[in-house]
Amino acid sequence: MSVTDHPTTSTSWTPGADQDQHHGPTPLTRVRLALLDDHEVLLDSLSSWIGQHALDFDVVLSATTWLQLVHSPAFPTELVFIDFQLKEAVSIEARVRTCRAAGAKVIVLSSMDTDEARERALAAGAAEFLTKSVPMAQVMDAARRVMGMASDGAHPHPWRPLPVGAAPQTRPKLSHGEEEAFKLYVSGFSTTEVAAHMNVQYETAKTYLRRVREKYAKVGRPASKKADLIRRAAEDGFLE
């Protein structure tokens, strides 16, 4: 991605190169930002540029894998930059909907500027779809627009996923219906939408989700809140 100090000019950037220092007071309020990209050099470049030139944002999490992102104690953040293409077999729809369900807004960055990619990202709930050829100053301007439009004082859910490397826990045995409803729900669908996708009555979908919560509670893994359910899904591989 091009990196520049000027919104209208795209310039090349070399990792480790000297850059102009930001002048002016540090904003009192900073947006907590997470980055997900499986190219470590680009990830470091993004984090470094934002740290020097966008002091109204605080990069609190940089992840190279999907599970690294959702398992981090820093997740959810207020905003997440997600690479459209990852080596992992997790769809862009699942990634965007999970972040949105956890309380984070999403901007999708992609090296592919196709109508299909754009439509998939936006339909899943992404606030913006930007190509990696866009100068970084414009990317951050887009991020400010996204956060400015939603500045209603809302805060992310206090979700603290299981740290990477922690001991595995007992996984409850779910029926086919319970598992399907579970996966849809943690992907960002409402109970009504889950029922529609499964072609069942609303009360049936509600019962499936209630049973999922009960089964997790019985094995000592609370899932009474949606954020807890998303955490359970990440831990047990339902988001992969």
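Since the structure is predicted, the reported quantities are computational estimates derived from the model, not experimental observations.
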Check for a donor-acceptor pair, side chain of [X] on one end and backbone N or O of [Y] on the other, with a separation under 3.5 Å.
X    : Y    : answer
R221 : Y216 : no
Q68  : T64  : yes
R32  : L79  : no
T98  : A94  : yes
R213 : A217 : no

Report the distance from atom [atom1] of [X] to atom [atom2] of [Y], rounding to the nearest 0.5 Å.
X    : Y    : atom1 : atom2 : value
E119 : T114 : CD    : OG1   : 8.5 Å
T191 : R210 : OG1   : CZ    : 12.5 Å
L35  : L33  : CG    : CG    : 5.0 Å
W66  : E88  : CH2   : CD    : 9.0 Å
L86  : D37  : CG    : CG    : 7.0 Å
C99  : I107 : SG    : CD1   : 12.0 Å

(request) Only counting residues at least two apart or in another chain, list the ones meeting ring pair (Phe, Tyr, Trp, His ring centres under 6.0 Å) with H39. (result) none

Side-chain contact test, heavy atoms from C-beta onward, threshold under 4.5 Å: evaluate it for [X] versus [Y] and give yes or no.
X    : Y    : answer
D141 : V139 : no
S111 : T131 : no
T65  : K87  : no
E178 : K215 : yes
R97  : I230 : no

(request) Evaluate side chain to side chain contact (heavy atoms under 4.5 Å, CB included) for M198 paired with L184, printing each intermediate quantity in order. (result) CA-CA 9 Å; M198 296 181 65; L184 289 169; 3.7 Å; yes

Taking all non-hydrogen atoms of both residues into account, name the closest pair between [X] and [Y] and its distance.
X    : Y    : answer
L209 : A181 : CD2-O, 3.7 Å
V80  : F75  : CG2-CE1, 4.2 Å
V59  : S62  : CG1-OG, 3.7 Å
R144 : A54  : NH2-CB, 3.9 Å
V108 : A121 : CG2-CB, 3.9 Å
S110 : F129 : CB-CZ, 3.6 Å

(request) Taking atom types as modelled, find out whether E179 and S175 have a side-chain donor-acceptor pair closer than 3.5 angstrom. (result)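 No, no side-chain donor-acceptor contact under 3.5 Å.
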
(message) Checking S190 against T192: is there a side-chain donor and acceptor pair closer than 3.5 Å?
(response)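 Result is no, nothing qualifies.
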
(request) Kindly say whether the aromatic ring centers of F81 and F57 come within a distance under 6.0 Å. (result)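 No: the rings miss the under 6.0 Å criterion.
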
Are [X] and [Y] within salt-bridge range, i.e. N to O under 4.0 Å?
X    : Y    : answer
R118 : D115 : no
K105 : E128 : no
E214 : K218 : no
R120 : E93  : yes
D83  : R95  : no

(request) Report the C-alpha distance between L109 and F84 in whole Å, list the side-chain angles of each, state the deciding distance to 0.1 Å, and finish with yes or no for side chain to side chain contact (heavy atoms under 4.5 Å, CB included). (result) CA-CA 6 Å; L109 305 177; F84 184 87; over 6 Å; no

(message) side chain to side chain contact (heavy atoms under 4.5 Å, CB included), that's the test. Do V31 and D58 meet it? Break it down for me.
(response) CA-CA 6 Å; V31 175; D58 184 13; over 6 Å; no

(request) Any chance you could lay out the side chain to side chain contact (heavy atoms under 4.5 Å, CB included) test for I92 and I82, step after step, and finish with the verdict? (result) CA-CA 9 Å; I92 187 62; I82 292 181; 4.1 Å; yes

(request) Applying side chain to side chain donor-acceptor pair (under 3.5 Å), name anything that partners Y208, two or more places apart in sequence or on another chain. (result)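 For Y208, no residue satisfies side chain to side chain donor-acceptor pair (under 3.5 Å) once neighbours in sequence are set aside.
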
(request) For residues 197-207, pull every pair meeting side-chain hydrogen bond (donor to acceptor under 3.5 Å, both in side chains), keeping only residues two or more places apart or in separate chains. (result) none

